[in-house]
Amino acid sequence: MSEKITPREENFSQWYIDIVLNAQLADYAPVKGCMVIRPRGYALWEAVQTELNRMFKETGHSNAYFPMLIPDSFLRKEAEHVEGFSPELAVVTHAGGEELEEPYVLRPTSETIIWSTYKKWIQSYRDLPLLINQWANVIRWEKRTRLFLRTTEFLWQEGHTAHETEAEAVEETLKMLNVYKTFVEDYLAIPLLTGPKSQSEKFAGAIDTYSIEALLQDKKALQAGTSHFLGQNFAKAFDVKYQTREKTLDYVWATSWGVSTRLIGALIMTHSDDKGLIVPPKVAPQEVVLIPIFKSSNKEAVLDYCADLEKELRGAFRVAVDADDKQSPGWRFAEWEMRGVPVRVEVGPRDMENKKAVLVRRDNGEKKVVDRNAIVSEIKELLDDIQKALFDRALKFREDNTTSVSSYDEFLPLFEGEKAPGFVEAMWCGDPECEAEIKADTKATIRCLPFDRQNRVAGTCFHCGREAGHVAVFAKSY
RNA sequence: CGGGGUGUAGCGCAGUGGUAGCGCGCUGCGUUCGGGACGCAGAAGUCGCGGGUUCAAGUCUCGCCACUCCGACCA
């Protein structure tokens with residue numbers, strides 16, 4: 001069984017790669033760290049795009065597109081920004097057979113090209129807020145890449161907004177963080193921690209960075225998306241001023257926020273098992289696979305019987321049908337399990353005779369024999385159940401792998417050895433030096449200061465013993 | 001970018017200097033079919049890339065590249 005997939009226990013990294021390649025989500029490309037996203041993988045990305053676009057538009061945003069080539073000088077206008085990104089830039093130095101006077105950078109993110117444009121578009125408070133999103137590719141020359149999780153080129157969306165007031169920009173930052181949380185939890189069924197990053201972990205050029213943090217099956221944390229409050233940093237760097245309602249001039253307030261194809265990696269690593277991919281029904285390119293079971297003697301009769309059923313299913317669900325007579329039923333079962341389709345419908349001679357069908361859940365393998373006539377409502381119920389069960393299972397995993405500590409003596413052993421300990425929460429003083437020492441000792445980083453865990457009484461920092469005003473969540477991360 | 005490992009048919013691998021192999025998969029035909037069926041016939045290779053040694057290199061040697069594991073780096 002599943003000989004193609006390395007078990008998680010044996011080698012988690014290899015398991016992940018096996019899933020990506022065997023479920024035909026992506027393939028390696030000729031250039032270091034780049035991947036080809038195959039139709040089955042791209043369909044997942046399209047599901048992400050469809051829902052997020054709906055949510056972005058409901059919150060007042062419009063899509064636009066800015067160029068991929070950015071003049072080198074633009075990057076340099078915001079000091080922290082250039083410092084943060086320059087090590088991973090790819091630069092175009094030649095074009096049209098000649099060396100360029102000024103090199104172009106392949107965008108690692110679009111703040112600079114967008115803010116240079118916003119300068120032209122914003123004069124008055126009447127031009128605000130400006131709420132724009134773009135779907136784009138970006139290039140970051142990372143040292144160590146991994147399919148979907150960290151690739152040299154990746155697809156993402158980046159929202160860039162401009163506001164009259166600080167309060168409005170902060171509100172936007174948190175609103176979009178919450179859009180991400182809602183989408184990722186409700187559709188991808190991945191439970192998240194949300195909250196601000198520590199100052200040392202924030203985005204280059206931001207005042208505050210907020211993130212959504214997931215815990216994957218190997219107990220490492222993944223930053224699944226970010227929303228940044230940029231203050232007036234980019235407005236100042238690109239001289240974007242507007243006339244206020246009081247007829248004064250002021251710099252606008254900015255946000256930016258993004259999620260990427262990394263979400264597909266998070267999806268895989270959260271739900272899948274040793275048989276292959278598991279996809280939550282709401283984003284599954286195919287919710288149901290119909291597998292007719294027949295012998296050559298009764299093939300025609302079974303397929304006839306399935307024709308009506310298929311029509312009915314297609315009226316209600318996204319459906320695949322696999323009636324390949326070159327493959328045994330067992331082979332087809334295993335194949336569609338690897339592809340992650342949430343519900344399998346088996347129909348053979350027995351079912352035909354009894355006016356039944358067999359439903360099998362991908363998430364836990366349970367089989368259920370149902371009346372042919374009730375099949376649509378039965379599947380609907382099952383899909384809802386699976387969606388919920390996947391989230392609940394992931395949430396339980398996270399809770400089972402979250403530890404609370406009050407001293408460094410408790411903390412240190414958790415981060416010894418190969419295995420990651422999951423999320424570890426502790427009272428923390430907020431000092432970057434204290435954070436750096438912890439990281440140097442253990443490789444643990446602060447994932448965020450979760451909003452919903454700040455209700456503890458004030459105490460002392462678990463590491464340095466000084467007064468502590470935050471609960472921080474530590475983990476080993478991707 | 002540093003250290004280790006790997007690179008031979010689509011995939012997994014064998015092949016210690018002398019004719020390019022095996023299993024799975026693939027194509028065709030037939031028999032099978034309720035958890036990865038079987039028979040027969042067939043197709044498929046610049047042995048990762050580039051130099052060097054040699055009468056002769058998949059094999060020895062140097063360089064490079066890719067993947068992978070571990071580090072450093074990382075919205």
Side-chain angles (χ1 to χ4, degrees), chain A residues 1-6 11-18 21-22 24 27-35 80-81 83-89 107-111 138-147 149-152 154 156-158 197 200-206 209-213 222-228 230 256-262 275-276 291-299 302 322-338 344-354 356-358 360 365 367 369 418 439-440 443 445 477-478:
Chain A
M1 282 323 99
S2 313
E3 300 156 326
K4 291 175 172 176
I5 295 174
T6 306
N11 183 337
F12 190 85
S13 294
Q14 192 59 49
W15 166 80
Y16 174 73
I17 292 163
D18 288 348
L21 298 179
N22 288 312
Q24 299 177 0
D27 207 347
Y28 289 109
V31 175
K32 175 180 169 53
C34 290
M35 65 175 178
E80 288 183 18
H81 194 66
E83 191 188 331
F85 280 106
S86 54
E88 52 192 71
L89 292 179
R107 63 178 163 219
T109 179
S110 299
E111 273 78 4
V138 289
I139 302 275
R140 296 181 188 181
W141 221 263
E142 302 283 0
K143 301 290 187 197
R144 195 166 163 187
T145 57
R146 235 172 136 81
L147 293 166
L149 291 183
R150 185 178 293 101
T151 45
T152 300
F154 57 94
W156 75 348
Q157 58 70 218
E158 46 181 328
K197 301 294 268 189
S200 58
E201 294 276 337
K202 72 183 187 183
F203 175 69
T209 287
Y210 300 84
S211 74
I212 53 175
E213 296 284 334
L222 183 76
Q223 178 175 302
T226 47
S227 186
H228 312 292
L230 303 175
S256 70
W257 27 273
V259 295
S260 72
T261 36
R262 173 180 276 189
K275 291 179 174 177
I291 300 193
I293 296 161
F294 47 76
K295 308 181 182 197
S296 43
S297 58
N298 59 17
K299 178 176 175 182
V302 173
D322 188 351
D324 186 352
D325 61 5
K326 298 289 185 229
Q327 304 294 2
S328 69
W331 195 94
R332 285 179 280 158
F333 297 165
E335 187 63 20
W336 287 95
E337 279 165 357
M338 176 148 67
R344 177 171 78 237
V345 180
E346 302 173 11
V347 176
R350 283 208 299 266
D351 309 300
M352 205 165 71
E353 207 161 303
N354 303 328
K356 301 278 186 186
V358 180
V360 186
K367 289 192 179 191
V369 180
E418 287 298 300
K439 186 178 176 183
K443 291 168 200 153
T445 54
S477 78
Y478 275 95

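To find a chain, count down the sequence lines: A is the first, B the second, and so on, and within it residues start at 1.
- Residue-level contact check: A:G258 touches neither bases nor backbone, having no heavy atom under 4.0 Å from any strand.
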Hey, what are the protein-to-nucleotides 28-32 of chain B N/O distances that come in under 3.5 Å?
residue: B:U32; atom: O4; partner: A:D325; partner atom: O; Å: 3.1

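- When both distances must be under 3.5 Å, the Watson-Crick or G-U wobble mate of B:G36 does not exist.
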Could you go over nucleotides 64-67 of chain B and give all protein N or O partners under 3.5 Å, atom names and distances?
residue: B:C67; atom: OP1; partner: A:G33; partner atom: N; Å: 3.2
residue: B:C67; atom: O3'; partner: A:Y28; partner atom: OH; Å: 3.2

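- Pair check for B:A41 finds B:U27; Watson-Crick or G-U wobble, both atom distances under 3.5 Å.
- Minimum atom distance to the side chain of A:Q327 is reached by B:C26, of the listed B:C26, B:G36, B:C33.
- Residues that satisfy the side-chain contact (heavy atoms from CB on, under 4.5 Å) test with A:A224, not counting sequence neighbours, are A:I212, A:L263.
- The nucleotide B:G71 finds its pairing partner in B:C1, both defining distances of the Watson-Crick or G-U wobble pair being shorter than 3.5 Å.
- Pair assignment for B:U53 gives none, since no Watson-Crick or G-U wobble pairing has each distance under 3.5 Å.
- Judged as a ring-ring contact (aromatic ring centres under 6.0 Å, His included), and not counting sequence neighbours, A:F333 has no contacts.
- Between A:F203 and A:Y210, the distance from one ring center to the other does not fall under 6.0 angstrom.
- Cation-pi check for A:R332 over A:F294 is met; the charged atom lies under 6.0 angstrom from the ring centroid and within 45 degrees of its normal.
- The pairing partner recorded for B:G58 is none, the criterion being a Watson-Crick or G-U wobble arrangement whose two distances lie under 3.5 angstrom.
- Within 4.0 Å (heavy atoms only), A:N11 reaches no atom of the nucleic acid at all.
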Practice item. Summarise how protein sits on nucleotides 70-75 of chain B as a single string, 5' to 3': B when a protein heavy atom is under 4.0 Å from the base, S for sugar-phosphate-only contact, - for no contact. Key: BBBBBB

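- If you check the side chains of A:H228 and A:S256, you find no donor sitting under 3.5 Å from an acceptor.
- For CD of A:Q24, the number of neighbouring non-hydrogen atoms (other residues, nucleotides, ligands) closer than 6.0 Å is greater than 12.
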Review point. In the 5'-to-3' direction, what one-character label does each nucleotide of nucleotides 3-12 of chain B receive under the scheme B = base within less than 4.0 Å of a protein heavy atom, S = sugar-phosphate only, - = no such atom?
Key: ----------

